[in-house]
Amino acid sequence: QKEVEQNSGPLSVPEGAIASLNCTYSDRVSQSFFWYRQYSGKSPELIMSIYSNGDKEDGRFTAQLNKASQYVSLLIRDSQPSDSATYLCAVNLRGSGNTPLVFGKGTRLSVIA
Amino acid sequence: KAGVTQTPRYLIKTRGQQVTLSCSPISGHRSVSWYQQTPGQGLQFLFEYFSETQRNKGNFPGRFSGRQFSNSRSEMNVSTLELGDSALYLCASSLGPGGTDTQYFGPGTRLTVL
């Protein structure tokens, strides 16, 4: 199993809909989880981090973490064409400061006006 | 607070040459991680420096090296460039080492090897 997996997409949703992006990871001891957004030709920018099981909301974005099932997801409510980008999931797999973040290959989201 | 800066932003080199890229982290951040991003491979971890020490290294050949200075600025060097080294090189800074703290990315250096 790859360490951090994401569906590459493209995921197409109509404007105003909820976009759901998923990420699974391989190591049960993982403690830190991050979602980044990357526009074409630009560098990744942080959307949010999540460390505990459950939901974390920030504006139109909600991160959901389920450590037992080893997945983390990102929901984007009221999707806008400006949300069209690649979304990267990153996980600190070993749960320590001695291992680097591991990134998934990203899911490309397209919001259709 | 100023963000992560990288210089140069664009670079064109020929095979066999070497290149040095620079990264200045966010003030107060002591960890700098370097990544290579290509369309097919996504973000690949190169190495991480914390307090001038390399803490982690990715699966790249020895042609890729780096260092960190006492002011936390970091450089990476690629010697004997190959066509396959063409990529976007990103650095990211964080307060602490490893992947526990949030990493903030610079704008990247786009390297083209001809």
Side-chain angles (χ1 to χ4, degrees), chain A residues 2-10 21 23 25-27 29-52 56 58 61 63 65 67 72 74 85-108, chain B residues 3-7 9-10 21 23 25-26 29-51 53-60 66 74 87-112:
Chain A
K2 291 180 184 173
E3 293 185 305
V4 179
E5 287 200 74
Q6 296 181 256
N7 188 319
S8 62
L21 306 162
C23 171
Y25 57 94
S26 61
D27 200 320
V29 302
S30 303
Q31 297 293 328
S32 310
F33 307 85
F34 305 88
W35 282 100
Y36 289 85
R37 175 176 63 196
Q38 186 173 26
Y39 292 111
S40 180
K42 302 294 186 182
S43 63
E45 56 180 327
L46 179 75
I47 297 175
M48 66 167 60
S49 59
I50 186 167
Y51 300 90
S52 304
K56 180 181 178 183
D58 185 359
F61 299 96
L65 176 60
K67 291 186 179 180
V72 55
L74 181 71
T86 296
Y87 289 80
L88 302 171
C89 169
V91 181
N92 173 233
L93 280 177
R94 305 297 180 275
S96 78
N98 295 317
T99 54
L101 274 183
V102 177
F103 284 80
K105 291 195 174 182
T107 298
R108 190 156 54 92
Chain B
V4 180
T5 58
Q6 290 186 247
T7 57
R9 294 291 311 278
Y10 302 92
L21 312 182
C23 172
I26 292 171
H29 284 193
R30 293 165 63 192
S31 175
V32 174
S33 298
W34 287 91
Y35 298 88
Q36 180 195 67
Q37 189 174 38
T38 57
Q41 296 299 318
L43 267 172
Q44 301 282 299
F45 173 75
L46 281 157
F47 27 66
E48 179 202 0
Y49 287 88
F50 179 77
S51 294
T53 301
Q54 186 181 87
R55 287 185 62 95
N56 293 294
K57 190 176 191 306
N59 189 25
F60 278 82
S74 178
L88 179 66
Y89 289 87
L90 292 159
C91 81
S93 79
S94 60
L95 277 169
T100 53
D101 285 335
T102 301
Q103 292 189 0
Y104 298 91
F105 283 85
T109 295
R110 172 113 12 225
L111 172 64
T112 302

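So that the names make sense, note that chain A is the first sequence line, chain B the second, and so on, each numbered from 1. Source: prediction; values computed, not measured.
- The parts of B:Thr102 that come within reach of chain A are both its backbone and its side chain, each placing non-hydrogen atoms under 4.5 angstrom from that chain.
- Between B:Pro107 and A:Ser43, the closest heavy-atom pair is CA-OG, 3.8 Å.
- To the nearest 0.5 Å, the span separating CG on A:Leu46 from OH on B:Tyr104 amounts to 5.5 Å.
- If you measure heavy-atom distances from A:Phe33 to chain B, you find no contacts under 4.5 Å at all.
- The nearest pair of heavy atoms linking B:Phe105 to A:Pro44 is CB-O, 3.5 Å.
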Only pairs under 3.5 Å count here: list side-chain donor-acceptor contacts from residues 35-42 of chain B, not counting sequence neighbours, and write none if there are none.
unit_1, atom_1, unit_2, atom_2, d
B:Tyr35, OH, B:Gln103, OE1, 2.8
B:Gln36, NE2, B:Tyr89, OH, 2.9
B:Gln37, OE1, A:Gln38, NE2, 2.8
B:Gln37, NE2, A:Gln38, OE1, 2.8
B:Thr38, OG1, B:Gln41, N, 3.4

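- Within 6.0 Å of NZ in A:Lys42 there are 12 or fewer heavy atoms belonging to other residues, nucleotides or ligands.
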